[in-house]
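Worksheet: one structure, shown below.
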Amino acid sequence: MSETHSGRAGAAELAAAVRCGDVTAISVVEATLARIARLNPRFNCFTAVTGERAFAEACAVDARRAGGGEPGPLAGVPFAVKNLFDLKGVVTIAGSKIDAERPPAAADATIVQRLIAAGAVPVGALNMDEYAYGFTTENSHYGPTGNPHDPSRVAGGSSGGSAAAVAAGLVPLSLGSDTNGSIRVPASLCGIFGLKPTYGRLSRAGARLFAASFDHVGPFARSVDDLAVAYDAMQGPDASDPACAQRPAEPAGPQMRRGAAGLRIAVLGGHFAATGAAAAAVTAVAQAIGAAREIEIPEAARARAAAFLITAAEGANLHLADLKTRAADFDPVTRDRFLAGALLPAAWVIQAQRFRTWYREQVLALFRDVDILLAPATPCTAPLIGQETIEIDGRPMPVRPYLGVYTQPLSFIGLPIVAAPVRPGGGLPIGVQIIAAPWHEAEALRVAATLERAGVTDAEPADV
Amino acid sequence: MADPEFDFEAYMDAAAMLIGLPIAPEQRQGIVQNLDWIAQMAALVEAFPVPDAAEPAPVFRL
């Protein structure tokens, strides 16, 4: 089997091979679908495989190239999407039984359209926590997704299928969403790169929302270059998403060679001070990049609490009609959380939104003196599927909500973040958040690329 | 939530009735646990003196 057909090739490498005619997009799709058929039963990443569509799109890419046309920066690159993104002709289930009754999507989500326009080829939809309300992808309707580094462990969530599919080498590129950590947590536990851009940077049109005032979408990949190519292909305003910023695209790709020189980098302390593998990962990254300074974000624990309140209330409101008429059809894991969220006093939620304004001002002020902040992405490596508690500093903590302890205070105010994978001591992977000021995704990507070149990160596909 | 004796079950029943949300017996315990947890989160947020000038985020724009 050639390297481009082995599942180890990255998106940029595959696109280069397709663009210069070394391989055809069709042959890449054939190898990808065969690999999915062989390995997906072990990890349960895919809830739908769009083989026919993939062949049609790959044919179009090959025809474009043969005709002398521009096949695009992602020519022939297979990708898959969290099953809350619309894929034309596929039912967007959002991890639920209820939405499985909906008609197939009439069109692709905006960022899916943009990847296809760049030459990428959609091969299917990926497992997630129901309606994105979870950090583990232990979905009662469709089964848990296994971690490619150890299938008895969770992949993280809610975009668990998206991270696991990339970590297992089923696809080089996938899409997920992140409300409180749902890109960064699974990227951390599966040992790959994930990008949660600034709130409003990428269009969410055609994605099933969860808590609209926090919902972000973004890519997963095994290299920073791949992340940047995909991110650049998806940028730009979109009138179909009211939260999508009216900003022109600001391509990160051309900035990637600048390295981290000139960037002021600090480690987050206080709420973000970790132990064990999480601490080791941050230390390794900080040492490699020369970040000696430590600073604190004020009131980060309160920010996490406020994010909980708003998420519960917005998520419950979105699903209230179904909660009233068919609560028994929800996943038992998410059902009672949604029902409780429907009952919150307005004063709590509005106070949380006002706190959010104050907190945003404090954090933005920090960025006058620093460009990049480092923090762990998760407090631990992947827990076992079904594990209820984890011991932190000698105390048992409920594992599912605790996985978001370091991600929630940051998505709360929409900061752009790259999750970069580290393997402390060669053990299970764990991620470090590389956090930039709003609209400075390129700086976070530059730092991630510098760490990648220095060999500090490790996003090798799992040995499957 | 300042009162550790707060009756979450009674609150759940009253609030659910107000918004027309039926609660099945098997959902009661989970909802109460979640309300208790969220109330602890709310207590953290409420204890912080947010300035009057801080408007709720996000601000609605036209």
Side-chain angles (χ1 to χ4, degrees), chain A residues 199-200 212-214 242-243 246 298-299 301-313 316-317 320-321 323-328 330 332-361 398 401 408 412-414, chain B:
Chain A
Y199 182 77
S213 74
F214 302 145
Q246 295 297 309
E299 303 296 347
R302 249 186 263 278
R304 178 182 177 230
F308 254 109
L309 289 172
I310 298 168
T311 301
N317 173 271
L320 188 55
L323 291 167
K324 285 182 176 181
T325 55
R326 51 187 305 189
F330 281 71
V333 176
T334 62
R335 182 196 63 204
D336 297 351
R337 255 180 271 160
F338 274 123
L339 286 166
L343 304 176
L344 303 191
W348 286 0
V349 182
I350 295 173
Q351 190 69 11
Q353 290 284 24
R354 292 184 54 220
F355 172 80
R356 190 176 176 192
T357 296
W358 175 87
Y359 175 75
R360 176 184 57 195
E361 286 167 6
Q408 281 186 281
F412 183 50
I413 49 168
Chain B
M1 189 57 55
D3 180 4
E5 301 299 312
F6 183 78
D7 188 343
F8 284 102
E9 264 196 290
Y11 174 82
M12 170 181 72
D13 288 331
M17 195 180 296
L18 180 64
I19 65 167
L21 178 69
I23 306 277
E26 68 274 16
Q27 296 158 0
R28 298 181 67 85
Q29 188 190 355
I31 297 173
V32 165
Q33 281 171 353
N34 276 282
L35 282 175
D36 192 346
W37 170 252
I38 295 172
Q40 294 173 42
M41 299 285 152
L44 263 180
V45 175
E46 299 248 299
F48 187 78
V50 176
D52 286 350
E55 292 185 29
V59 175
F60 185 81
R61 282 196 190 87
L62 286 175

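Lettering follows sequence order; numbering is per chain, from 1.
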Heavy-atom neighbours of B:E26 CD exceed 12 at 6.0 Å:
yes
Segment of B:Q27 engaging chain A (4.5 angstrom heavy-atom cut-off):
both
Given a strict heavy-atom distance threshold of 4.5 Å, which part of A:A342 is in contact with chain B: side chain, backbone, both, or neither?
both
Which bit of A:F308 is near chain B, if near means a heavy-atom gap under 4.5 Å: side chain, backbone, both or neither?
side chain
Shorter than 4.5 Å, heavy atoms on both sides: which option in B:P51, B:A47, B:A24, B:A14 has the most such pairs with chain A?
B:P51
Residue part contacting chain A, namely of B:A16, when any heavy atom lies under 4.5 Å:
both
So what's closer than 4.5 Å to chain B heavy atoms on A:E361: side chain, backbone, both or neither?
neither
Is there side-chain contact between A:T311 and A:L309, with at least one heavy-atom pair below 4.5 Å?
no
Could you work out, with ring pair (Phe, Tyr, Trp, His ring centres under 6.0 Å) as the rule, every residue matching A:Y199, not counting sequence neighbours?
A:H216
Mind listing the side-chain donor-acceptor pairs of residues 29-37 of chain B below 3.5 Å, one per line with the distance, residues two or more places apart or on another chain?
| unit_1 | atom_1 | unit_2 | atom_2 | d |
| --- | --- | --- | --- | --- |
| B:N34 | ND2 | B:G30 | O | 2.8 |
| B:D36 | OD1 | B:Q40 | NE2 | 3.4 |

Give, as side chain, backbone, both or neither, the part of A:A301 having an atom under 4.5 angstrom from any heavy atom of chain B.
backbone
Tell me if a side-chain donor or acceptor on B:Y11 pairs with a main-chain N or O of A:L343 at a distance below 3.5 Å.
yes
For chain B, find which of A:R356, A:R335, A:R360 contributes the most heavy-atom pairs closer than 4.5 angstrom.
A:R335
Check whether any side-chain N or O of A:T357 sits under 3.5 Å from a backbone N or O of B:E55 as a donor-acceptor pair, and report yes or no.
yes
Chain B heavy atoms under 4.5 Å from A:P242: which part of the residue, side chain, backbone, both or neither?
neither
Counting only non-hydrogen atoms closer than 4.5 Å, does A:I310 touch chain B with its backbone (N, CA, C, O), its side chain (CB onward), both, or neither?
neither
